[in-house]
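First up is the structure itself, then whatever we jot down about it.
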There are 2 protein chains.
Amino acid sequence: MKTADPELMRAINRFHVMDAIRRFGPLSRVEISERTDLSPTTVSAITAALLDDRLIAILQLGGLRDASRGRPRVMLRLNPEAARVVGVKLAPDLITVAVTDFCANLISKLSLPIRIRRQTPAVIADLVEDGVRRCVSDAELEMKDIAGLCVGLPGVVANATGVCRQSPIFSERDVGFGELLSRRLGVAVAVDSDVNLVALAEHWFGQGRELDDFLVVSIERSLGLGILHKGELFRGANGLSPDLGDFLVRGAARLGDLATEDSLLAEVESFAGESDGLYAHDKAVARAVQRAEAGEAKYAQALARAGEALGFAIANLITLFAPPKVLICGRALAGSERLLTPLRATVAALLPPSLADVCEIVVREWSDDIWVRGAAAMTLRELYGASWGTTGPAKPGPEN
Amino acid sequence: MKTADPELMRAINRFHVMDAIRRFGPLSRVEISERTDLSPTTVSAITAALLDDRLIAILQLGGLRDASRGRPRVMLRLNPEAARVVGVKLAPDLITVAVTDFCANLISKLSLPIRIRRQTPAVIADLVEDGVRRCVSDAELEMKDIAGLCVGLPGVVANATGVCRQSPIFSERDVGFGELLSRRLGVAVAVDSDVNLVALAEHWFGQGRELDDFLVVSIERSLGLGILHKGELFRGANGLSPDLGDFLVRGAARLGDLATEDSLLAEVESFAGESDGLYAHDKAVARAVQRAEAGEAKYAQALARAGEALGFAIANLITLFAPPKVLICGRALAGSERLLTPLRATVAALLPPSLADVCEIVVREWSDDIWVRGAAAMTLRELYGASWGTTGPAKPGPEN
DNA sequence: CGCTTTAATACGCTTTGCGGATTAAATGTG
DNA sequence: CACATTTAATCCGCAAAGCGTATTAAAGCG
């Protein structure tokens with residue numbers, strides 16, 4: 001751990017103040033003092049420095065006076081113009097890019113429905129570069145205005161180095177995607193598992209706001225697992241984010257081969273003999289789900305098997321992390337009771353009795369926005385000053 | 001997180017100094033300065049305070065002079081007499097108690113081979129109380145000399161509250177064992193999963209000394225899992241330590257029903273029809289292992305199945321934690337290649353390729369001592385001052 | 001006996017957070 | 001409209017922390 005000196009002290013308390021303002025909306029200094037347990041004096045000093053750095057700003061009072069006497073409180077809020085960051089989400093058939101301000105509000109967004117699977121990392125990096133430049137330009141900004149960028153992608157990512165160990169969107173392993181991008185764009189680039197970003201976004205903006213421990217499971221073309229543990233994103237040694245698809249379930253099969261959209265389609269095609277065109281993936285999934293909902297036995301069974309397999313893995317994860325909540329998302333699959341009911345039943349059946357009532361499983365539907373906002377939030381976290389304990393993102397070297 | 005003030009700063013740096021001295025033997029002030037990145041001045045101030053508190057002592061130079069000129073270094077070491085603590089390990093058929101000094105060296109030890117399984121918590125607490133008092137008396141100390149006590153037991157333990165959610169040695173659930181004991185003995189009592197204690201002991205004294213991430217798996221009458229993650233013991237939300245036996249493996253069976261000594265014996269008895277006496281448990285296990293080693297097919301298969309089941313669970317854990325090392329221990333089972341070879345093979349077969357070469361699986365034989373030393377270390381950690389982030393052990397209330 | 005070398009400390013400086021007194025800015029009241 | 005009241009924010013002085021420089025301590029070497 002880093003050695004403690006006054007500078008670290010200030011960094012920690014500064015972050016506490018920033019975090020309080022971010023989480024609990026516009027706050028007055030007294031309120032910050034109450035929330036952070038810092039003395040009013042200290043809060044005053046820190047907020048003065050933050051105002052000086054233009055990281056926060058005074059909210060022009062919008063009429064709302066609280067009905068009490070005394071000097072009115074001066075409300076402070078994050079200064080949206082303090083910085084702009086870029087969030088990128090890579091999926092097998094879609095690149096999403098967004099530029100946000102310092103409050104993680106979208107300024108501009110761009111979706112590129114491109115099948116990038118099986119392209120070389122260099123080609124993908126080129127595509128992303130183009131998308132980012134375009135999106136930044138749409139926001140009427142230049143690259144030099146961008147303080148940082150974060151990429152979320154499915155697979156196993158070593159966050160500390162920006163290396164993607166393995167991913168369904170890369171045909172190679174150990175792709176140094178962070179460096180590829182930071183060299184192209186000249187900004188600091190962080191790379192992380194896509195679901196980690198949603199977990200962070202949930203913690204910042206969503207349902208996990210009050211929770212310091214929860215799991216996020218995403219069921220799309222691949223399976224993702226994001227873990228918020230004790231208020232921090234959980235990563236393995238080396239900063240590795242695991243891939244839920246790599247988990248094993250009964251019969252020693254990879255969960256990724258049993259419970260993804262792709263595995264479902266493969267199974268469905270095997271009975272129907274029908275094959276959908278390459279670009280009809282979403283529709284094919286939706287149709288399969290509809291048939292299951294309608295009660296067609298084979299389809300329902302396929303979904304149920306997937307749900308049971310997921311339940312198995314989730315039960316093990318609950319045993320380990322004991323989170324009060326598990327959030328499940330996914331474009332179509334996650335909405336179907338044909339999948340969820342067996343999933344919940346499996347979890348309930350398999351959880352040890354001592355953990356039976358610990359955890360609630362919740363389905364959550366997300367727009368694409370939350371992913372890129374999460375990516376932006378990941379970068380903002382650094383800018384807020386959280387970087388004292390962790391190693392920051394890969395910065396573009398002056399050489400090269 | 002706690003708010004940062006000068007006091008916290010000092011606590012952190014004090015702990016760094018203590019930790020450096022503990023880990024790297026007797027150290028001079030300059031060496032501490034190098035190891036901790038603290039300035040010589042600060043080290044001087046802190047060590048002066050520690051000497052004043054008698055937590056460390058000056059090592060009477062034992063002849064060894066380094067061949068250089070200049071003022072000789074004054075070597076500092078932990079003062080063994082700074083405090084005494086008690087470690088307790090509970091197993092289904094054995095209570096082990098030890099008193100150690102401030103360096104976690106044994107002063108006295110006591111083993112009580114008692115079948116405590118199915119006794120009421122109150123009775124068990126009575127037995128432990130007697131053992132502790134006896135052992136303390138053997139060490140020629142009184143209870144008031146004891147600074148703290150830590151109990152390790154198999155099962156799911158909520159460390160923060162001292163409550164054992166579920167354990168093979170308790171017939172009830174949610175046993176507030178920490179409070180039971182602290183009330184009886186009048187000292188602070190911590191309760192933790194037994195394997196967590198070994199993990200800590202390994203980190204302090206053993207093979208994990210240089211590692212900040214590793215797993216410990218113990219295979220005895222029940223299965224234990226201890227996780228050291230980023231230099232800290234890993235616990236779930238609420239401070240819950242998971243039980244490896246609760247993990248599920250192929251076929252949705254509890255691992256605890258497949259790969260413990262007890263499950264092996266049950267299976268063995270089913271083919272042989274032979275039943276060993278209650279007190280011959282260890283011998284029965286050893287005999288079954290011997291038969292397997294000798295090549296008796298059924299026995300070998302039983303061990304292989306257990307090994308595969310363990311391998312399945314361990315592969316999932318490696319996927320999640322990506323630890324460079326997994327330590328496996330267990331009185332008899334862990335020593336047998338009939339179990340280990342299938343275990344290793346299963347892990348190798350199931351691990352995703354991106355993690356294939358990350359982790360080494362090592363078998364480690366432990367004496368009973370390490371468990372109780374680990375328990376002592378857990379208490380010492382508090383005394384060294386590590387308690388700034390975590391909630392301490394259950395202290396005996398003045399009321400009651 | 002003095003010189004050199006290394007270890008440890010003393011002193012002064014800067015920074016931090018905090019408590020108490022003070023100022024700022026509103027409302028209420030005679 | 002002057003003045004008290006109330007609440008928010010700040011100013012001032014203090015104590016404690018870590019660090020850098022200069023100083024002292026304790027050995028060997030010639």
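From a predicted model like this one, the values you see are computed outputs, not experimental measurements. What's counted below: heavy atoms across the whole structure, side chains too, no hydrogens, waters or symmetry copies. Reminder, nothing fancy here: chain letters follow the sequence lines and each chain counts from 1.
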Could you state the [atom1]-[atom2] distance from [X] to [N], rounded to the nearest angstrom?
{"X": "A:I32", "N": "D:dA9", "atom1": "CD1", "atom2": "C1'", "value": "12 Å"}
{"X": "B:R29", "N": "C:dT6", "atom1": "CZ", "atom2": "C1'", "value": "14 Å"}
{"X": "B:I12", "N": "C:dT16", "atom1": "CD1", "atom2": "C1'", "value": "14 Å"}
{"X": "A:E7", "N": "C:dG17", "atom1": "CD", "atom2": "C1'", "value": "16 Å"}
{"X": "A:M75", "N": "D:dA8", "atom1": "CE", "atom2": "P", "value": "11 Å"}
{"X": "B:K2", "N": "C:dT16", "atom1": "NZ", "atom2": "P", "value": "17 Å"}
{"X": "B:N13", "N": "D:dG18", "atom1": "CG", "atom2": "P", "value": "5 Å"}
{"X": "B:R73", "N": "D:dG28", "atom1": "CZ", "atom2": "C1'", "value": "16 Å"}

Report, one pair per line, the protein and nucleotides 23-25 of chain D atoms (nitrogen or oxygen only) whose separation is under 3.5 Å.
residue, atom, partner, partner atom, Å
D:dA25, O4', B:R71, NH1, 3.4

In terms of side-chain heavy atoms of [X], which of [options] is nearest?
{"X": "A:V30", "options": "D:dG18, D:dA9, C:dG19", "answer": "D:dA9"}
{"X": "A:S28", "options": "D:dA9, C:dT16, D:dG20", "answer": "D:dA9"}
{"X": "A:P72", "options": "D:dC12, C:dA26, C:dT16", "answer": "C:dA26"}

Touch class at under 4.0 angstrom, heavy-atom based, for B:V43 against every strand present: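 B:V43: no heavy atom of the nucleic acid under 4.0 Å.
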Sugar-phosphate, base or nothing in reach of B:A4, heavy atoms under 4.0 Å: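 The answer is sugar-phosphate, as B:A4 gets under 4.0 Å only of primed atoms, P, OP1 or OP2.
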4.5 Å side-chain heavy-atom contact, A:I21 and A:I32: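 The answer is yes; the side chains approach within 4.5 Å.
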Contact check, side chains of A:V99 and A:V86, non-hydrogen atoms, under 4.5 Å: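 Yes, side chains in contact.
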Atom pair CG/CG of A:D19 and A:N13 - distance to nearest 0.5 Å: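 Nearest 0.5 Å value for the CG-CG distance: 12.5 Å.
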Along DNA chain D (nearest heavy atom to each residue), the more 5'-positioned of A:P40 and A:D5: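 So the residue in question is A:P40.
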Mutual orientation of the aromatic rings belonging to A:W204 and A:Y384 [parallel < 30°, tilted 30-60°, perpendicular > 60°]: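 The arrangement is parallel - the two ring planes meet at less than 30°.
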Parallel, tilted or perpendicular, as decided by the 30° and 60° cut-offs, for the rings of A:H229 and A:F234: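 Taking A:H229 first and then A:F234, their aromatic rings stand perpendicular (interplane angle over 60°).
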C:dC18 phosphate, OP1 or OP2, under 4.0 Å from A:T42 side-chain N/O: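 Yes, within the criterion.
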D:dG18 OP1/OP2 closer than 4.0 Å to side-chain N/O of B:R10: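 Answer is yes, contact under 4.0 Å.
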Side chain to side chain contact (heavy atoms under 4.5 Å, CB included) against A:R14, all qualifying residues, sequence neighbours excluded: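 Applying side chain to side chain contact (heavy atoms under 4.5 Å, CB included) to A:R14 gives A:I46, A:A49, A:L50, A:D53, A:L55.
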Derivation of the salt bridge (charged side-chain N to carboxylate O under 4.0 Å, His left out) call for B:E232 and B:R381: CA-CA 11 Å; B:E232 288 288 329; B:R381 222 175 58 97; 3.6 Å; yes
D:dG20 base / B:T41 side chain donor-acceptor hit below 3.5 Å: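 Yes.
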